[in-house]
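As structure tokens, the structure follows; a few thoughts come after it.
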Amino acid sequence: MRKNIVAGNWKMNKNLQEGIALAKELNEILAADKPNCDVVICTPFIHLASVTPLVDANLIGVGAENCADKVSGAYTGEVSAEMVASTGAKYVILGHSERRAYYHETPEILKEKVKLALANGLTPIFCIGEVLEEREAGKQNEVVYAQLAGSLYDLSAEDFSKIILAYEPVWAIGTGKTATAEQAQEIHAYIRSTIADKYGKEVAENTSILYGGSCKPSNAKELFANKDVDGGLIGGAALKAADFKGIIDAFK
Ligand code: PEP
């Protein structure tokens with residue numbers, strides 16, 4: 001059975017003390033009122049080693065927002081999947097549209113990152129999604145298919161089953177514009193159908209596909225109610241414990 005998941009992406013926000021305070025606050029809130037879904041917080045690298053021992057692993061999984069496409073060595077400033085895993089983190093966001101756009105991460109680079117994440121026991125939260133012009137040209141299915149095929153569809157079925165997908169229309173990220181529940185359901189169903197074509201119905205049915213893009217407490221329930229939307233990847237609203245909890249509560 002696929003899991004319902006609400007994952008936060010802190011991006012480049014919160015210094016270490018602020019991050020620790022947010023993680024503690026969220027942990028307390030969720031300990032007092034248990035979530036009905038898996039909860040993950042993906043933090044800047046420098047927070048990971050401090051945050052993982054602070055939170056109850058039964059309530060909150062911790063992840064990074066990226067990892068290197070190389071194992072180790074002379075890659076100044078990079079952080080490897082092995083290093084991420086050594087902090088106790090269990091997840092890593094890969095292929096976020098900001099990484100693709102600002103740091104020129106190609107499907108080939110992401111393929112390497114996915115392999116290294118899996119080799120180190122991390123669960124990739126792999127992001128796909130089209131930009132506005134592609135949506136307006138009706139090319140969203142083509143775009144997400146190319147992103148999936150370009151980075152993931154060489155994986156074995158066993159490895160693919162370890163991946164969480166996040167469909168994030170780029171035009172909805174941080175813009176306040178949200179895909180409608182119908183738009184989200186339509187493309188999530190398409191994504192699941194391509195997984196079924198590639199890996200079979202069982203793998204497709206067991207893959208969690210999250211929606212991301214201006215998700216907030218007021219729209220989460222309607223989005224997550226769709227049969228192929230298994231939760232959310234949350235940016236801005238993950239930075240306040242009460243807002244993030246409001247989204248988690250969409251599963252109640
Ligand atoms: C994100 O960047 O993953 C995201 C969904 O951001 P926001 O919720 O702020 O749109």
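This one's a predicted model, so the numbers in the text were calculated from it and none came from an experiment. Each ligand, and each atom within it, is numbered from 1 in the order the structure gives.
Close contacts between ligand 1 and H96 involve ligand atoms 1 (C), 2 (O), 3 (O) [criterion: under 4.0 Å to a heavy atom]. When each atom of ligand 1 is checked for a heavy atom of A172 under 4.0 Å away, the hits are 10 (O). Every atom of ligand 1 is numbered from 1 in the order shown, and the set under 4.0 Å from a heavy atom of G213 is 5 (C), 10 (O). Less than 4.0 angstrom separates some heavy atom of G174 from each of these atoms of ligand 1: 7 (P), 9 (O), 10 (O). The L233 neighbourhood of ligand 1 comprises atoms 3 (O), 5 (C), with distances under 4.0 Å to a heavy atom of that residue.
In summary, E205 and R2 engage in a salt bridge, as defined by a charged side-chain N under 4.0 Å from a carboxylate O. Between E65 and R99 there is no salt bridge, since no side-chain nitrogen of the basic residue lies less than 4.0 Å from a carboxylate oxygen of the acidic one.
Considering backbone and side-chain atoms together, G212 places no N or O closer than 3.5 Å to any N or O of ligand 1. In terms of polar-atom proximity, defined here as any N/O pair under 3.5 Å, I234 makes no such contact with ligand 1. Residue G235 has at least one N or O atom closer than 3.5 Å to an N or O atom of ligand 1. By the 3.5 Å distance cut-off applied to N or O atoms, E168 is counted among the residues near ligand 1.
In N9, the part holding a heavy atom less than 4.0 Å from any atom of ligand 1 is the side chain.
Remark: the T194 side chain and the Y153 side chain contain an N/O donor-acceptor pair separated by less than 3.5 Å. No hydrogens or angles considered: nothing links the side chains of N120 and E82 as a donor-acceptor pair under 3.5 Å. Side-chain polar atoms of K3 and N206 form no donor-acceptor pair below 3.5 angstrom.
No donor-acceptor pair under 3.5 Å is formed between the side chain of K90 and the backbone N or O of V62.
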- Message: salt bridge (Lys or Arg N to Asp or Glu O under 4.0 Å), that's the test. Do E112 and K115 meet it? Break it down for me.
- Response: CA-CA 5 Å; E112 293 308 308; K115 273 194 220 153; 3.4 Å; yes

Acceptor/donor pairs from residues 163-175 side chains to any protein atom, 3.5 angstrom cut, sequence neighbours excluded:
unit_1, atom_1, unit_2, atom_2, d
Y167, OH, E130, OE1, 2.8
Y167, OH, E130, OE2, 2.9
Y167, OH, R135, NH2, 3.0
E168, OE1, H96, NE2, 3.3
W171, NE1, E130, OE2, 2.8
T175, OG1, W171, O, 2.8
T175, OG1, A172, O, 3.4
T175, OG1, K177, N, 3.1

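Taking 4.0 Å as the cut-off, S214 counts as a neighbour of ligand 1 on heavy-atom distance.
Counting protein heavy atoms only, atom 9 (O) of ligand 1 is closest to G236 N, 2.9 Å.
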